[in-house]
Each structure stands twice: as C-alpha cells, then as structure tokens.
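Below, chains carry the letters A, B, ... as their sequence lines are ordered, and counting in each starts from 1. Note that this is a predicted model, so its numbers are computed, not measured.
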Amino acid sequence: MTDAATLDAIKKAVTENDVVVFMKGTPTFPQCGFSSVVAQVLNHIGVEYAAVNVLDDMDVREGIKEYSDWPTIPQLYVKGEFIGGCDIIKEMFEAGELQQLFKDQGLVEA
Amino acid sequence: MPMKADDITALIKEGIEDAEVEIIDLAGDGDHYKAVVTSPVFEGMNRVKQHQLVYASLKGRMGGELHALALETRTP
C-alpha cells in the first residue's frame with residue numbers, strides 16, 4: 001500500500017507538468033533500456049518534458065505502479081493522462097500518433 | 001525463476017477470452033519475451049486498457065518474475 005503523501009506527490013507531478021515521464025535514471029543517464037527508449041523518443045520529437053527518477057525514491061517507484069494500475073517503468077503522462085509504457089510509446093511514435101498527440105495538445109509546433 | 005513461454009501463454013489464454021498468443025523469445029535466454037496477443041475483446045479499448053487486461057491475466061507476475069515482457073495487442 002502506498003501512503004497518501006506519496007500518491008499526492010505523484011498526482012502533483014502529473015498535473016503540474018504537461019508531459020512527465022517516470023523513469024529509471026535520468027534522460028541524460030538512463031539506467032534501463034526501456035526508460036532510455038522513451039527518453040530518446042521524447043528528445044527526438046523535441047517536446048519539453050519533466051522526468052522523475054524512480055530510483056531516487058522507493059515509495060514513488062512502487063506508488064506510480066499503483067497510481068497508474070501499470071506494473072512497469074517507464075510511464076508517460078500527458079496533461080494528467082496516462083499514455084503508456086515503453087511498448088505503447090514506441091508503437092505510437094512509429095505510427096506518428098505520439099507526435100500528433102503533442103500537436104493536438106499544443107505542446108509542439110504543428 | 002524466469003517463466004516458461006508455455007506458462008505465459010496458458011495464463012493469458014485462461015484470462016482473456018478467445019485469445020491467440022504468440023510468444024517470441026527475444027534474447028534466446030528464456031527470460032526476455034515478447035507476447036503478441038490477439039483477441040476480439042480488445043475491440044474498442046485503447047492500448048492502455050488492452051495491456052492492462054493482459055497484465056491482469058498474468059496475476060501480478062509482470063514486473064516480478066516477468067521483468068521483461070514486451071507486449072503487442074491486436075484485434076483479429
């Protein structure tokens with residue numbers, strides 16, 4: 001069970017940032033191949049994003065799984081909505097859907 | 001202990017109606033799999049919901065015993 005303070009902190013992170021990725025490591029030094037892929041996709045698209053390193057906080061690492069009902073890291077949120085993990089992000093990027101989503105949300109230039 | 005591909009298939013088939021499951025051993029080490037799951041029940045669900053359904057069929061093993069299961073879901 002995740003305590004309320006951790007869930008609040010997660011909620012704050014996903015509502016106060018238009019784009020936020022929960023990952024292992026940082027965009028500069030990813031510590032997991034799956035997290036690295038998502039950071040690379042976001043860098044490539046050129047969207048601004050916040051990154052939360054779950055390795056810094058065990059409570060967040062477990063809490064985000066509960067918050068999203070999703071068992072793995074990384075996890076991407078756009079405007080408070082859970083978009084997916086590594087497989088979904090890769091699939092959406094390859095189909096052009098992720099780029100379209102950011103355009104539709106006004107987060108990258110159309 | 002890594003899971004056997006057959007066990008993954010059995011769990012998914014048990015949890016999802018009319019599921020076709022193809023397991024690919026990505027690294028040849030019996031530990032890094034990709035599952036391609038096709039089922040009519042995915043119709044009308046977004047990808048997140050489809051994947052959540054597969055994770056639910058794995059009953060908590062995802063992220064534990066199964067640390068690296070790539071997932072692709074399709075409708076027939």
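Proximity to chain A is limited to the backbone of B/L69, based on heavy atoms less than 4.5 angstrom apart.
At a heavy-atom cut-off of under 4.5 Å, chain B is reached by A/I88, A/E91, A/M92, A/E97 from residues 88-107 of chain A, listed in order of number. Close approach to chain A, defined as a heavy atom under 4.5 Å from one of its heavy atoms, is seen in B/R47, B/V48 of residues 23-48 of chain B, taken by number. Listed in order of number, the residues of residues 12-39 of chain A that approach chain B to under 4.5 Å between heavy atoms are A/F34. Residues of residues 67-83 of chain A that come closer than 4.5 Å to chain B, counting heavy atoms only, are A/S68, A/D69, A/W70, A/P71, A/T72, A/F82, A/I83, ordered by residue number.
Between the side chain of A/D87 and the main chain of B/L71, a donor-acceptor pair closer than 3.5 Å is present.
Hydrophobic clustering (ILVMFWY, side-chain heavy atoms < 4.5 Å, transitive): A/L55 and A/I64 are in distinct clusters.
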